[in-house]
Peer 1: 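Before I ask anything, let me first share the structure, which is written out below as structure tokens.
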Amino acid sequence: MFDKQHRTLGEFIIANQDSFQYSSGELSRLLNGIRLAAKVVNHEVNKAGLVDIIGSAGETNVQGESQQKLDVLANEKFIQTLKNREIVCGIASEEEDDFITINSFDKQHQNKYVVLIDPLDGSSNIDVNVSVGTIFSVYRRITPVGTPVTLEDFLQPGKNQIAAGYIIYGTSTMLVYTTGSGVNGFTLNPALGTFYLSHPNMQYPEDGNIYSVNEGNYIHFPQGVKDYIKYCQKEEGDRPYTSRYIGSLVSDFHRNMIKGGIYMYPKSSKAHKGKLRLLYECNPMAFIAEQANGKASDGFQRVMDIQPTELHERVPFFCGSKRMVEKAEEFMANA
Ligand SMILES: O=P(O)(O)OC[C@H]1O[C@](O)(COP(=O)(O)O)[C@@H](O)[C@@H]1O
């Protein structure tokens with residue numbers, strides 16, 4: 001298992017390269033690209049209140065959401081950084097209608113990895129100085145090297161992920177990721193511009209007492225969700241639980257992973273498939289949750305078993321401490 005002596009993220013990536021199935025150093029270079037882009041975006045997020053980077057960019061993205069200027073900037077920085085690494089053959093992003101094809105420098109489509117990103121998660125919180133994040137998911141392509149990347153390379157079930165993580169731009173900036181051998185968190189020392197291992201081997205508590213859901217949608221929720229929320233609020237045993245909802249998936253997830261809790265974005269009569277996107281929000285968070293002894297489902301099945309059919313498809317999402325997600329699923333099944 002990993003030891004704390006590998007203090008910086010760079011050292012940690014190299015030191016653990018061999019624990020990775022296709023260890024050729026390429027994934028390390030990809031992760032180092034994400035590390036670099038995270039620092040650049042962190043710098044922009046931190047000074048957001050001072051420069052004209054807050055507010056709408058005047059455009060809407062493929063989801064019909066108004067794009068924030070920081071969304072656009074974060075999208076550009078991650079795409080640019082990943083393009084230059086000679087590893088990535090394609091990128092899909094919340095801010096891009098279609099996937100982006102990246103050819104290797106020799107123009108022979110030799111790159112092997114696809115990356116899916118939510119460049120700035122929690123965008124409704126940007127203007128009000130509440131923590132936001134970036135989410136990333138990495139797969140090995142399934143179409144032959146030497147040919148251009150196709151949609152098929154992106155529409156892989158979450159269980160095929162080889163790496164996933166998030167960056168949280170909060171009271172401190174952290175990068176949390178997994179390559180399938182546990183979850184580790186690194187905190188940025190802004191004075192040195194270096195990420196240090198601060199949270200080795202992160203684990204969800206088996207059970208918790210925090211529930212995170214937008215209760216403003218309560219009347220639109222399925223009966224099973226209403227029943228589970230009532231269960232959380234009932235004066236019985238270690239309940240009522242505490243309600244905490246920041247409105248940034250990354251921030252709510254991070255808190256619940258440390259303290260024990262459940263995050264829910266169910267379907268509703270307003271949003272028949274929920275709001276969160278399977279490929280670059282739910283799957284990466286599900287991979288991290290499972291690697292940290294947590295659980296992630298759509299209320300009925302393991303999220304990472306879902307076979308995607310569209311780049312920007314949405315799914316209901318229940319994620320957190322194992323016992324709490326199982327209890328929520330119980331209410332969904334019995335409703
Ligand atoms: O405001 P709502 O409907 O509760 O949605 C909040 C959820 O949507 C998100 O902001 C995702 O959407 P964005 O990636 O567009 O920000 C999550 O981070 C958050 O948990």
Side-chain angles (χ1 to χ4, degrees), residues 41 45 48 53-57 59-75 77-79 91-97 116-137 164-170 174 176 210-222 225 229 243-257 261-286 288-289 296 298-299 303 311-320 325 328:
V41 172
V45 168
I53 201 133
I54 284 193
S56 169
E59 305 286 330
T60 56
N61 64 17
V62 64
Q63 349 265 340
E65 295 162 339
S66 126
Q67 281 184 315
Q68 304 297 306
K69 290 177 185 162
L70 257 177
D71 280 329
V72 175
L73 183 129
N75 190 48
K77 296 295 177 198
F78 275 94
I79 290 174
I91 298 176
S93 164
E94 181 183 315
E95 303 308 327
E96 303 285 340
D97 298 6
L116 301 100
I117 52 172
D118 178 355
L120 213 73
D121 171 63
S123 38
S124 62
N125 281 326
I126 295 171
D127 303 7
V128 291
N129 205 1
V130 170
S131 61
V132 291
T134 295
I135 307 173
F136 64 89
S137 169
Y166 59 84
I167 297 114
I168 180 168
Y169 312 102
M174 281 189 69
V176 175
I210 297 171
Y211 69 102
S212 309
V213 63
N214 185 340
E215 292 189 65
N217 298 328
Y218 182 86
I219 57 166
H220 303 291
F221 285 152
V225 175
I229 292 173
S243 171
R244 287 281 182 280
Y245 190 69
I246 295 169
S248 291
L249 166 63
V250 165
S251 313
D252 284 310
F253 177 99
H254 189 75
R255 181 213 37 251
N256 291 352
M257 180 161 65
I262 183 172
Y263 168 96
M264 300 179 279
Y265 208 106
K267 68 177 187 178
S268 70
S269 52
K270 293 192 302 181
H272 298 298
K273 289 195 171 170
K275 175 184 181 180
L276 301 185
R277 281 46 62 123
L278 173 61
L279 292 181
Y280 42 78
E281 289 174 320
C282 302
N283 272 337
M285 302 313 269
I288 298 164
D298 66 356
V303 156
L311 216 47
H312 301 286
E313 72 181 84
R314 302 171 193 264
V315 290
F317 195 50
F318 298 73
C319 183
V325 175

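Whatever order the structure lists them in is the order used to number ligands and atoms, beginning at 1. Residue indices begin at 1 and follow the sequence shown. As a basis for the values below, the full set of heavy atoms in this structure was taken, side chains included, without hydrogen atoms, waters or symmetry mates.
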Peer 1: What atoms in ligand 1 come closer than 4.0 Å to a heavy atom of D118?
Peer 2: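 In order of number, 14 (O).
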
Peer 1: Taking all non-hydrogen atoms of both residues into account, name the closest pair between V132 and G122 and its distance.
Peer 2: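 Looks like CG1-O, 3.4 Å.
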
Peer 1: Check the angle between the aromatic planes of H254 and Y166 and answer parallel, tilted or perpendicular using the 30° and 60° thresholds.
Peer 2: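 Taking Y166 first and then H254, their aromatic rings stand perpendicular (interplane angle over 60°).
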
Peer 1: Does the side-chain hydrogen bond (donor to acceptor under 3.5 Å, both in side chains) test come out yes or no for S93 and N75, once each step is laid out?
Peer 2: CA-CA 7 Å; S93 164; N75 190 48; 2.6 Å; yes

Peer 1: Return yes when atom CG of N129 has more than 12 non-hydrogen atoms of other residues, nucleotides or ligands closer than 6.0 Å, and no otherwise.
Peer 2: no

Peer 1: With a cut-off of 4.0 Å, which atoms of ligand 1 are near a heavy atom of S248?
Peer 2: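 So the answer, numbered in order with elements, is 18 (O), 20 (O).
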
Peer 1: Do any nitrogen or oxygen atoms of S124 come within less than 3.5 Å of a nitrogen or oxygen of ligand 1?
Peer 2: no

Peer 1: Are L279 and S137 close enough that some pair of their side-chain heavy atoms sits under 4.5 Å apart?
Peer 2: no

Peer 1: Indicate, with yes or no, if the rings of F78 and F136 have centres closer together than 6.0 Å.
Peer 2: no

Peer 1: State the atoms of ligand 1, each with its element, that fall below the 4.0 Å cut-off from a heavy-atom position in N214.
Peer 2: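 This gives 2 (P), 3 (O), 4 (O) as the contact atoms.
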
Peer 1: Do ligand 1 and N217 have nitrogen or oxygen atoms that lie under 3.5 Å from each other?
Peer 2: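 No, since none of the N or O atoms of N217 sits under 3.5 Å from an N or O of ligand 1.
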
Peer 1: N/O to N/O below 3.5 Å, does that happen between G122 and ligand 1?
Peer 2: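 Between G122 and ligand 1, an N or O pair is found under 3.5 Å apart.
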
Peer 1: Have a look at E94, R277, M264 and point out the one with the heavy atom closest to atom 12 (O) of ligand 1.
Peer 2: R277

Peer 1: Could you tell me if the side chain of M285 sits less than 4.5 Å from the side chain of V250, heavy atoms only?
Peer 2: yes

Peer 1: Roughly how far, to the nearest 0.5 Å, is CZ of R314 from OH of Y265?
Peer 2: 9.0 Å

Peer 1: Which ligand 1 atoms are under 4.0 Å away from a heavy-atom of Y245?
Peer 2: 2 (P), 4 (O), 5 (O), 6 (C), 7 (C), 20 (O)

Peer 1: So for ligand 1, is L249 a polar contact partner (N or O within less than 3.5 Å, distance only)?
Peer 2: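 Such a contact does occur with ligand 1.
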
Peer 1: Name the option, out of F253, Y263, F317, Y265, that contains the heavy atom nearest to atom 3 (O) of ligand 1.
Peer 2: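 Considering heavy atoms of F253, Y263, F317, Y265, the nearest to atom 3 (O) of ligand 1 sits in Y265.
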
Peer 1: Check each of M285, K270, K275, E281 against atom 8 (O) of ligand 1 and report the one with the nearest heavy atom.
Peer 2: K275

